[in-house]
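Right, one structure below, let's go through it.
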Amino acid sequence: MIALARQRWCVATALVVPLLTLASPGILKLAGVAPSWAVLWLLPWALVDGPLSGALAGLGVALLLDGLHPGPLSQLPALLVLGWWWGRLGRGSRIQRSFSLGLLALLGSAALGATLALQQWFWQLQDPVTWRTVLAQSLITALLAPLLCSLQLLLWRRSSQAFGPAAGLRS
Amino acid sequence: MQSGRRWRLPTLRLLRAASPWLLLFAALLGVRLSKGAVLADAYALLSRPFWPGTAQREWLQSAQRLDQQARLASLERDNQRLRQLLALEQQSGADVTAAVISRELGGWWQQLLLGRGSLAGLAPGDPVLAPGGLIGLVGAVTPTTARVTLLTDSSSRLGVWVGRSQRHGLLVGTGTSRPLLRFIEKDPGVRPGDVVTTSPASTLVPPNLTVGVVQSVDDQAVPAPEAVVQLSAPLEAIDWVQVRLRRGVKR
């Protein structure tokens, strides 16, 4: 199942996530809140590559992103679980409809936001606009997901078909 | 009767003959009673081409600015000398100008990324200034970048000073553009409009830097009153900042 991870250039695309997070293009923001680029990258990856690879990819991306942000909040638990969950979903059925992708991204970023809100509560950080941030981020992520995730799904499926069986035979 | 008529007719004639002069007199009286309204307006209208232009205003303003800057510089020198006498701060570090290369102001984190890092001498904890005042502290550095944790970030905590009522408070970021000012005592005597600065006795950040203005005060907050502060530096519009190096400052 971990066919994509064998291709180094596939793994290297994960580096786009922190770069996009830093660049945070203003045109793709909703109420000043940027989409969760980690979710948008992780969803197609996990759907194609299975739960183990998904969880590891989530872990890697979360480590990259946590290094970029101040404070005690961490995206690691949410992305780890999301990668594993989406990997399970992708193994069971072939999810590719735009609506399903949008819904999964919506649920994923809402869950990510909820874990961050929980951590804010745990560390007793004051943030009166937490739920507005969760809502805005979930909505903009879900809106972008059909567009970006379907393209990535196509790319990953093609490369896993091109390299996957051969890699499987070799191992 | 007759004599009366004889008396009246010449008077009416006289009045008719003198009416232009009477009108003129009434007009002059009007001018007098209105404090010269027509005259002054006419003068303003006629002399408009010769009014002092914008150039003159700019000269005056630049002269005023120069005067203020000179006074500010001399006061700062004076202040520094007095502080040295008090041994509060031995020397203030140099300023490094850095470009803002990434800006995250909405969402979970409030931070800037600067295009200068440890190679330029920046270190964690250095205060970051922008036009308008203090905006945050350097949180982490890499060789060529520095990450600024803004005062509005929910993990930011900074001791500040309200000059008018001479009270200390803790400025707590809330993830919005307006951080919260928590006081220590029950009755801080702070009103909306008070200017918040860094503490004059501070050694962590440079003293007496403008931070913001108190917008509203909540006296009912538990355990002590809280105030909402509007930062004086416009975070959305800042492209260049100055990082004041603390290297060499005795702490």
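In what follows, chains carry the letters A, B, and so on, assigned in the order in which the sequence lines appear, proteins first and then strands, with residues in each chain numbered from 1.
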Quiz item: Is there side-chain contact between B/W109 and A/L73, with at least one heavy-atom pair below 4.5 Å?
Solution: yes
Quiz item: Between B/W108 and A/Q137, do the side chains contain an N or O donor and an N or O acceptor separated by less than 3.5 Å?
Solution: yes
Indicate the atoms forming the closest heavy-atom contact of [X] with [Y], along with that distance.
X      : Y      : result
B/R103 : A/S24  : O-OG, 3.3 Å
A/L22  : B/S102 : O-OG, 2.5 Å
B/S154 : A/Q120 : OG-NE2, 4.0 Å

Quiz item: Relative to chain A, which of B/G106, B/G107, B/S156 shows the most heavy atom pairs under 4.5 Å?
Solution: B/G107
Quiz prompt | Most chain B-contacting option - heavy-atom pairs closer than 4.5 Å, from A/L116, A/V33, A/V129 | solution = A/L116
Quiz item: What residue, out of A/L68, A/V134, A/T21, has the most heavy-atom pairs lying under 4.5 Å from chain B?
Solution: A/L68
Quiz prompt | Neighbour count >12 (heavy atoms, 6.0 Å) for atom CZ, A/R97 | solution = no
Exercise. Answer yes or no: are there more than 12 heavy-atom neighbours, outside A/R88 itself, under 6.0 Å from its atom CZ?
Key: no
Quiz item: Considering only heavy atoms, which portion of A/Q119 lies under 4.5 Å from any heavy atom of chain B: side chain, backbone, both, or neither?
Solution: neither
Self-check item: Side-chain (B/E104) to main-chain (A/A34) donor-acceptor, under 3.5 angstrom
Solution: no
Quiz prompt | Spacing of CG belonging to B/L105 relative to NZ belonging to A/K29, to within rounding of 0.5 Å | solution = 6.5 Å
Quiz item: Does B/R182 have any salt bridge (charged side-chain N to carboxylate O under 4.0 Å, His left out) partners at least two apart in sequence or in another chain, and if so, which?
Solution: B/E226
Self-check item: Contacting region of B/R157 [heavy-atom separation from chain A under 4.5 Å]
Solution: side chain
